[in-house]
Student: 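Quick one: the structure is below, and I'll ask about it shortly.
Naming convention: chains lettered A, B, ... in sequence-line order (proteins, then strands); numbering from 1 in each chain.
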Amino acid sequence: MSKPAITYELLHIDKNSGARRGVVHTPHGDIQTPVFMPVGTQATVKSMTPEELKEEVGAQIILSNTYHLYLRPGHELVKEAGGLHNFMKWDRPILTDCGGFQVFSLSDLRTITEEGVEFKSHLDGSRHMFTPEKVMEIEEALGADIIMSFDECCPYPSTYEYTKNSMERTTRWAIRCKEAHKNVDKQGLFGIIQGGFYEDLRKKSAEDLIALDFPGYAIGGISVGEPKEEYLKMLHYTAPLMPENKPRYLMGVGTPDYLIEAALSGIDMCDCVLPTRIARNGTAMTWNGKVVVRNATYEKDWGPLDPECDCYTCKNYTRAYIRHLVKTNEILGIRLLSIHNLRFLTKLMERVRIEIENDNLLEFKKEFYKKYGYTKE
RNA sequence: GUGGAUGUAGCUCAGUUGGUUAGAGCGCUAGUUUGUGGCACUAGAGGCCGUGGGUUCGAGUCCCAUCUUCCACC
């Protein structure tokens, strides 16, 4: 029997919180966890070169997307290029999202059946069909280290009945994904726990998926616009249900507070478009809170974006200059803010890992919240 | 000098045969952004309609004067 592509090594558990410090081993190297993963939907983290991601940001792993790459340039083309790593010149680990989220959020017309989802492309309206088998074919062609099983992400709020049916179908699709997935020594297939905001459904989903013995597990369907209390409630309920000897991935998170809460709950991996998206709209995250550098307050601010940051942007440019770039819609503004925001979250997680090793993550959370300006726990 | 045109939001301009609270685009101000449809979305501020008179129940709109800017001609 061949060695699985993805394995998890636990290094330390924070004695005061249960947060875990570990390593995820992949075919393209190790990932120190907890980790934040930048999102590169279309085989690029928008405006960043791989060198910048590695040297300036310190990214260990990035995400890409099945739905988008299937539509453009096509997974066959990426395969012909030698897979995503080769195509985009990124030699560290990659995770591909299954496209389930996009099928539901981007397509006008979609029909869900037991077989799969029929949808219309947001690009040209052409009709396509995603089945668990099709998604596995695409993700294998893309060649990421970690691939996600095809799921349905329920909108918030959804009724109990709808969520239950959706969750059960997601589990059946996970079985089909597992059966269709062949190169298990090169790619690790993660199962996605659904169940919306209903505890018994989350429990059922977790149990059924764990029985299938995936090399890793994700929590999906959270961080979809619910209040923070709901987020924390489901996070605190679901994370402990996940196996201790495998990576735990919380999809679509997020903001600094959500990331710290995730780590505190024993989550190992998170991803989010937020740092790069808000960068494109003139906003930065700093150790002293959110800075909308586009605002007039910064017109003549000759200081760096974040005095405590060690990134390329903060070492070299003033808020006034970055504001000017944002206001004039210059590409460099987007790039500088993207570098900073990604570096900020990467650094935050580096700090989280150190605090876990020192059994001090809870204390750190208090300090961070106070400084960042979060008022509610 | 003569003739013609022009003047409405910071900018470029719409404003019917006179009729409620004068609009648009851009800009400006602020908010939003959570498994990405990059340059978006939402909200807001901002006008003695060049000035002075007149007609009218009522004038950005009609009349007179005057000033501004532009064009043509002498």
Student: Transitive ILVMFWY cluster of Val292(A) at side-chain heavy atoms under 4.5 Å: who else is in it?
Tutor: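 Val292(A) clusters with nothing; isolated.
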Student: Rounded to whole Å, please give me the gap between CG in Leu274(A) and C1' in G35(B).
Tutor: 13 Å
Student: Measuring only the C1' atom in each nucleotide, how far is G25(B) from A9(B)? A whole number of Å is fine.
Tutor: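 Per the computed distance, 12 Å lies between those C1' atoms.
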Student: Tell me if the NZ atom of Lys178(A) is crowded by more than 12 foreign heavy atoms within 6.0 Å.
Tutor: yes
Student: What about Thr283(A), does its side chain sit under 3.5 Å from the base of U32(B) through a donor-acceptor pair?
Tutor: no
Student: Take atom CD1 of Ile61(A) and atom C1' of G35(B), then tell me their distance rounded to the nearest Å.
Tutor: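 Rounding to the nearest Å, CD1 of Ile61(A) and C1' of G35(B) are 13 Å apart.
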Student: Name the residue closer to the 5' end of RNA chain B, choosing between Arg294(A) and His68(A) according to the nucleotide with the nearest heavy atom.
Tutor: Arg294(A)
Student: Any side-chain N or O of Gln42(A) under 4.0 Å from OP1/OP2 of G38(B)?
Tutor: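 The answer is yes; a side-chain N or O of Gln42(A) sits under 4.0 Å from OP1 or OP2.
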Student: Distance between the P atoms of A24(B) and C71(B), in whole angstroms?
Tutor: 33 Å
Student: Got a sec? Which of residues 322-352 of chain A come in under 4.0 Å of RNA chain B, heavy atoms?
Tutor: Arg323(A), Lys327(A), Asn329(A), Ile334(A)
Student: Applying ring-ring contact (aromatic ring centres under 6.0 Å, His included), can you list everything that pairs with His28(A), at least two apart in sequence or on another chain?
Tutor: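 ring-ring contact (aromatic ring centres under 6.0 Å, His included) check on His28(A) returns His85(A).
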Student: Cut-off 3.5 Å, no hydrogens considered: what does the side-chain donor-acceptor table look like for residues 90-99 of chain A, sequence neighbours left out?
Tutor:
| residue | atom | partner | partner atom | Å |
| --- | --- | --- | --- | --- |
| Trp90(A) | NE1 | Arg92(A) | O | 3.0 |
| Trp90(A) | NE1 | Pro93(A) | O | 3.0 |
| Asp91(A) | OD1 | Lys54(A) | NZ | 2.8 |
| Asp91(A) | OD2 | Lys54(A) | NZ | 3.3 |
| Arg92(A) | NH1 | Ala59(A) | O | 2.7 |
| Thr96(A) | OG1 | Glu139(A) | OE1 | 2.8 |

Student: Using a heavy-atom cut-off of 4.0 Å across all strands, would you classify Thr276(A) as base, sugar-phosphate, or nothing?
Tutor: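 Contact class for Thr276(A): base.
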Student: Using atom P of each nucleotide, how far apart are G19(B) and U61(B) to the nearest Å?
Tutor: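 The answer is 10 Å between these two P atoms.
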Student: Round to a whole Å and report the spacing from OH of Tyr298(A) to P of U29(B).
Tutor: 13 Å
Student: Any luck finding a side-chain donor-acceptor pair between His25(A) and Glu9(A) under 3.5 Å?
Tutor: yes
Student: Report the distance from atom CD of Glu226(A) to atom C1' of U34(B), rounded to the nearest whole Å.
Tutor: 9 Å
Student: Classify Cys270(A) by what it touches in the nucleic acid, base, sugar-phosphate, or nothing, heavy-atom distance under 4.0 Å.
Tutor: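 Nothing, no heavy atom under 4.0 Å.
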Student: Where is the tightest heavy-atom contact between Ala263(A) and Leu361(A), given as atom of each residue plus distance?
Tutor: CB-CD2, 4.0 Å
Student: Once side chain to side chain donor-acceptor pair (under 3.5 Å) is applied, do any residues pair with Arg21(A), and if so which ones, sequence neighbours excluded?
Tutor: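 In terms of side chain to side chain donor-acceptor pair (under 3.5 Å), with neighbours along the sequence ignored, Arg21(A) is linked to Gln32(A), Glu357(A).
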Student: Is the distance between the ring centroids of Phe190(A) and Phe214(A) less than 6.0 Å?
Tutor: no
Student: Could you tell me how far U33(B) sits from A43(B) if I compare only their C1' atoms? Round to whole Å.
Tutor: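 Between the two C1' atoms, the distance is 15 Å.
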Student: What's the CZ-P distance between Arg280(A) and G38(B), to the nearest Å?
Tutor: 7 Å
Student: What's the gap between A65(B) and A5(B) when it is taken at their P atoms, as a whole Å value?
Tutor: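 Roughly 14 Å separates the two P atoms.
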Student: Measure up the Phe150(A) and Trp173(A) rings against each other and bin them: parallel (under 30°), tilted (30 to 60°), perpendicular (over 60°).
Tutor: parallel
Student: Reckon Asn281(A) has a side-chain N or O less than 4.0 Å from the OP1 or OP2 of G31(B)?
Tutor: no
Student: Show me the pairs that pass side chain to side chain donor-acceptor pair (under 3.5 Å) and involve residues 236-249 of chain A, at least two apart or across chains.
Tutor: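 Every side chain to side chain donor-acceptor pair (under 3.5 Å) pair that includes a residue of residues 236-249 of chain A, provided the two are not neighbours, is Asp213(A)-Lys246(A), Tyr249(A)-Asp271(A).
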Student: So Tyr317(A) and Tyr312(A), would you call those rings parallel, tilted or perpendicular, with 30° and 60° as cut-offs?
Tutor: perpendicular
Student: Quick one: sort the Tyr231(A) and Tyr258(A) rings into parallel, tilted or perpendicular, breaks at 30° and 60°.
Tutor: parallel
Student: So which residues get pulled into Val184(A)'s cluster when ILVMFWY side chains under 4.5 Å apart are joined, directly or through others?
Tutor: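 When side chains under 4.5 Å apart are linked, Val184(A) ends up in no cluster with other residues.
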Student: With sequence neighbours excluded, tell me which residues meet ring-ring contact (aromatic ring centres under 6.0 Å, His included) with Tyr156(A).
Tutor: Phe197(A)
Student: Using a cut-off of strictly less than 4.0 Å between a heavy atom of the residue and any atom of RNA chain B, enumerate the qualifying residues of residues 138-154 of chain A by number.
Tutor: Asp151(A), Cys153(A)
Student: Output all residues satisfying salt bridge (charged side-chain N to carboxylate O under 4.0 Å, His left out) with Arg172(A), sequence neighbours left out; order by chain, then residue number.
Tutor: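 Testing Arg172(A) for salt bridge (charged side-chain N to carboxylate O under 4.0 Å, His left out), a comparison that skips the adjacent residues, returns Glu114(A).
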Student: If you measure from the C1' atom in C74(B) to the same atom in G7(B), how many Å do you get, rounded?
Tutor: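 Comparing C1' positions in C74(B) and G7(B) gives a spacing of 27 Å.
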Student: Return one dot-bracket line describing RNA chain B 5' to 3' (Watson-Crick or G-U wobble pairs, both distances under 3.5 Å; ( ) same strand, [ ] crossing, | another strand, . none).
Tutor: (((((.(..((((.....[...)))).(((((.......))))).....(((((..]....)))))).))))).
Student: Check the side chains of Glu168(A) and Thr171(A) for a donor-acceptor pair under 3.5 angstrom, ignoring hydrogens and angles.
Tutor: no
Student: Please state how far atom NZ in Lys290(A) lies from atom C1' in U33(B), giving the value in whole angstrom units.
Tutor: 8 Å
Student: Closest nucleotide of RNA chain B for Val292(A) versus for Asp271(A): which of these residues is on the 5' side?
Tutor: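 It is Val292(A), whose closest nucleotide lies nearer the 5' terminus.
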Student: Can you check the distance between A45(B) and G10(B), where both ends of the measurement are the P atom (answer in whole Å)?
Tutor: 15 Å
Student: Distance check, C1' atoms only: C41(B) and U34(B), in whole angstrom units.
Tutor: 16 Å
Student: Between Glu299(A) (CD) and U29(B) (P), how many Å, whole number?
Tutor: 8 Å
Student: Looking at RNA chain B, which of residues 190-224 of chain A put a heavy atom within less than 4.0 Å of it?
Tutor: Ile192(A), Gln194(A), Gly221(A), Ser223(A)
Student: Whole Å only: how far is the CG atom of Leu69(A) from the C1' atom of G37(B)?
Tutor: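 Taking CG of Leu69(A) and C1' of G37(B), I get 14 Å after rounding.
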